[in-house]
Amino acid sequence: MLKKTFDWYRLVDIEPNSATIDRRTRTARDIVCDFMGSSSEYSDGVDATAGLASPSGWKWPLIFSCAVGVIAGFDNRRVGQSAPITARIINGIRAHDSAFPSEISENGLELRACGAVVLGELLQQCDGESPSAAACTLAAVLHSGLGVRPPVTERYLAQMLSELGVYASSTLHKGGLSRREPEALSDMDGLESHELEYSDVLRGIVRQSRIDREELNILWWMFAGASISTGRPLPEMSDGAAAFACAVELSRMCLVPPVASLEALVKRAFESGRKPKSTTKMVSLEELTREWDDSLLKTPDEKSSRLAARYPALLPLSWVVERVRESGGTSGWMEDFERITGMSATDRTARFADWAVQILRELVAIRLVPEGQA
């Protein structure tokens with residue numbers, strides 16, 4: 001995404017000069033290589049991490065913190081002066097521009113623009129019809145973080161976040177299609193002549209079986225129209241509980257990354273058999289949580305808890321689930337939520353189905369985060 005440096009830097013300076021853009025581009029290149037765990041010479045459009053396509057090769061804590069800063073802002077409420085990612089970007093810029101100020105109060109927008117270029121370039125480095133697992137993980141986290149945030153009014157910031165979101169969605173879409181691409185096993189002559197190993201054939205059979213099982217599980221779940229967690233028909237559950245159940249249960253049945261149509265399936269599962277008023281009603285997050293019941297919140301997940309606690313701006317509803325679960329449903333979480341996410345629990349409203357999609361996005365992102373990086 002180095003080609004976007006000029007466009008995205010306009011949120012700092014509407015008419016940046018060429019020297020500044022060149023310096024910020026060099027900074028982004030340096031940070032991309034660092035985040036990918038590569039000391040190789042950087043080359044535009046070429047993966048500098050040959051052998052590091054696995055998500056475990058990337059520096060995820062820094063990358064996730066960078067995503068928080070880009071999406072929610074670099075400030076002392078979310079990503080402050082003492083954060084490692086703040087120091088990394090500032091030092092990276094100062095390596096090419098010694099006059100760059102070191103105080104976050106003076107350079108918050110600069111850090112946001114530079115961080116966005118870095119994240120976009122990380123996606124682009126693994127671009128193609130079959131994105132790497134690392135690229136899909138980053139795309140899912142961005143897709144989650146950008147989900148139900150309130151619209152941005154500043155022109156160039158809105159443009160930057162919108163374009164970054166489009167790249168993330170495209171990467172996930174390609175990853176979902178690639179995940180479900182069947183392997184060609186029709187050339188049995190190759191097997192008989194030992195050009196194909198039996199283990200390769202077995203892996204292909206297992207892969208196809210998982211693809212088929214995903215489709216069947218989701219098809220029968222949609223047909224049944226009942227929650228696995230509660231055993232109750234979805235239309236008989238409260239709107240908030242049904243939205244939660246649809247998202248959680250479909251997120252467990254799907255392969256990751258999911259196909260783009262899964263979000264439409266979540267909406268359809270929620271809306272099927274429900275009164276029209278429930279499908280169009282706009283509710284706040286605080287109103288949504290009133291309808292969550294203990295049967296849906298009773299099973300904590302250690303990985304989800306850790307990630308939600310560290311990155312609430314990227315996983316806002318997961319953070320709320322943990323707080324509601326811990327507090328027994330009291331509403332004292334709302335002030336903390338606004339402070340650490342930049343979102344209002346009462347002013348930001350959406351349809352129940354849209355909240356369900358957000359829950360799905362967060363759970364998919366959590367599943368894709370490598371073990372040991374939570």
Side-chain angles (χ1 to χ4, degrees), residues 1-5 8 23-71 74 79 82-96 110-145 164 167-168 170-172 174-175 178-179 256-257 303 306-307 309-311 313-315 364-374:
M1 211 60 59
L2 299 179
K3 63 184 179 182
K4 285 293 182 179
T5 303
W8 292 357
R23 288 194 293 266
R24 298 300 181 267
T25 299
R26 290 196 295 271
T27 295
R29 287 175 171 173
D30 294 343
I31 297 175
V32 167
C33 279
D34 180 24
F35 282 3
M36 296 172 83
S38 171
S39 59
S40 304
E41 182 178 353
Y42 186 94
S43 176
D44 292 358
V46 177
D47 188 355
T49 63
L52 287 178
S54 166
S56 60
W58 288 21
K59 296 181 179 179
W60 289 112
L62 285 173
I63 293 171
F64 292 153
S65 295
C66 184
V68 173
V70 169
I71 291 171
F74 284 87
V79 183
S82 61
I85 183 60
T86 303
R88 180 64 189 89
I89 297 179
I90 289 176
N91 291 338
I93 294 176
R94 286 171 68 88
H96 301 283
E110 291 255 13
L111 301 185
R112 207 166 182 176
C114 184
V117 173
V118 168
L119 295 177
E121 188 64 13
L122 285 170
L123 291 177
Q124 291 290 92
Q125 282 289 292
C126 299
D127 198 10
E129 294 306 311
S130 299
S132 72
C136 289
T137 298
L138 175 56
V141 169
L142 292 172
H143 199 49
S144 169
L164 189 61
Y167 286 119
S170 175
T171 300
L172 270 182
K174 293 176 182 177
S178 176
R179 178 69 177 83
V256 291
K303 182 181 179 184
R306 289 198 305 269
L307 284 169
R310 293 179 185 177
Y311 310 108
L314 303 178
L315 305 165
V364 166
I366 290 168
R367 283 185 60 187
L368 282 167
V369 172
E371 292 297 334
Q373 299 295 334

For [X] and [Y], work out which heavy atoms get closest and say how close.
X      : Y      : value
Ala67  : Leu119 : CA-CD1, 3.6 Å
Ala140 : Leu368 : CB-CD1, 3.6 Å
Gly175 : Cys136 : CA-SG, 3.8 Å
Thr171 : Pro131 : O-CG, 3.6 Å
Trp60  : Pro370 : NE1-CG, 3.5 Å
Thr27  : Cys114 : CG2-SG, 3.9 Å

Just jot down the side-chain contact (heavy atoms from CB on, under 4.5 Å) partners of [X], sequence neighbours excluded, or say none.
X      : value
Pro61  : Tyr311, Gln373
Ala116 : Trp8, Val70, Met160
Thr86  : Phe74, Val79, Ala83, Ile90, Ile104, Leu111
Arg367 : Cys254, Val256

Margin query: Would you say that Phe64 contacts Leu315 through its side chain, given a criterion of any heavy-atom pair below 4.5 Å between the two side chains?
Written below: no
Next item on the list: State, yes or no, whether a side-chain contact exists between Met36 and Leu122 at a heavy-atom distance under 4.5 Å.
Entry: yes
Note to self: Between Arg29 and Val118 (side chain of the first, backbone of the second, donor and acceptor by atom type, cut-off under 3.5 Å), is there such a pair?
What the structure shows: no
Check: Under the 3.5 angstrom rule, does the side chain of Lys303 hit a backbone N or O of Val369 as a donor-acceptor pair?
Finding: yes
Distance check, rounded to the nearest 0.5 Å: [X] atom [atom1] versus [Y] atom [atom2]?
X      : Y      : atom1 : atom2 : answer
Thr137 : Leu142 : OG1   : CG    : 11.0 Å
Lys3   : Thr5   : NZ    : OG1   : 11.0 Å
Ile93  : Ile31  : CD1   : CD1   : 6.5 Å
Leu62  : Ile89  : CG    : CD1   : 9.0 Å
Ser144 : Leu314 : OG    : CG    : 6.5 Å

Next item on the list: Go through the steps to decide whether Val364 and His143 satisfy the test side-chain contact (heavy atoms from CB on, under 4.5 Å), and finish with yes or no.
Entry: CA-CA 10 Å; Val364 166; His143 199 49; over 6 Å; no
Next item on the list: Please name all residues satisfying salt bridge (charged side-chain N to carboxylate O under 4.0 Å, His left out) with Arg24, sequence neighbours left out, ordered by chain then number.
Entry: Asp97, Glu110
Check: Among all residues two or more places apart in sequence or in another chain, which pass the salt bridge (charged side-chain N to carboxylate O under 4.0 Å, His left out) test with Arg88?
Finding: Asp34
